[in-house]
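Counting convention: from 1, in listed order, for ligands and their atoms alike. All residue numbers refer to positions in the sequence shown, counting from 1. Computed from heavy atoms alone, side chains included, the values below leave out hydrogens, waters and symmetry copies.
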Amino acid sequence: MRKLEDLVDTYLHKGLRKKLVEILKEKGITDEAVLAAIHSIPRHYFLDSAFDKIAYEDRAFPIASDQTISQPYTVAYQTQLLQIKKGDKVLEIGTGSMYQTTVLAALGAKVYTIERQKQLFEQTPTYLFKNQYPNIEFFFGDGFEGLPLLAPFDKILITAAAPKIPEKLWEQLKVSGKMIIPLDESETAQRMLRLTKKRDGTVKREAFDAFSFVPMLEGKTQK
Ligand code: SAH
């Protein structure tokens, strides 16, 4: 596992990160707090050193367990839709590389994040920004179950392609709470939805652009 003291954030990295923020703006990301978080977080720290020079390209990259670190545009898009306020209690499904988790933490959310791949979860005790962002708790489990003992949540973010709206997660959302979910629309594409829980418990459904995520799978892996 990489250690913070061995990593360097050079002027080149910082320059590339600034360019990435400009690209995200051109693609329509307007939330200044989200852009500032992306500007401040060294994405290359979340990737294998082989990706060091390309870490700021606006694309997904492979991580362990055949999973991916989401494309920066996707991270920015989902985070912007969540409308995070400082102190929001956020449940994230799909910890993956911990990059999206870090963006949420940088915005001042209290983050609870679940990963079903043991190999990925086993990397979380060495989280590089433990001291900077103590407002994150990592869980190994099945995101379809959520965290009933810690519910309800202000916001729920699903970072994998969901075959359906997970009922148990919907129950764990506060009234006026929001869930961002990429819901399967075809075999290869998901529709980004923002679901808001209304006072009477019914759902306000807003639909946004189409994306392509790795699948949200039931259960957790043994190794
Ligand atoms: N937010 C991550 C995205 C990783 S890709 C990042 O940007 O790095 C999606 C992640 O969701 C994968 O790590 C995958 O293992 C995880 N995942 C899929 N189904 C899940 C489930 N039911 N519960 C928890 N995690 C799940």
Are Arg59 and Glu57 close enough for a salt bridge, meaning some N to O gap below 4.0 Å?
yes

Glu92 to Thr101 - nearest heavy-atom pair and separation
OE1-OG1, 2.7 Å

Taking only residues two or more places apart in sequence, or in another chain, which ones meet Ala76 in a side-chain contact (heavy atoms from CB on, under 4.5 Å)?
Leu24, Ile29, Val34, Ile38

Tyr112-Phe153 aromatic ring centre distance below 6.0 Å
yes

Are Lys14 and Tyr11 in a cation-pi contact, defined as NZ or CZ under 6.0 Å from the six-membered ring centre and within 45° of the axis?
yes

Asp88 with Lys155: basic N within carboxylate O range, under 4.0 Å
yes

List, ordered by chain and residue number, the protein residues whose closest non-hydrogen atom lies under 4.0 Å from any atom of ligand 1.
Gln67, Thr68, Ile69, Ser70, Glu92, Ile93, Gly94, Thr95, Gly96, Ser97, Gln100, Ile114, Glu115, Arg116, Gln117, Leu120, Gly141, Asp142, Gly143, Phe144, Thr159, Ala160, Val214, Pro215, Met216, Leu217

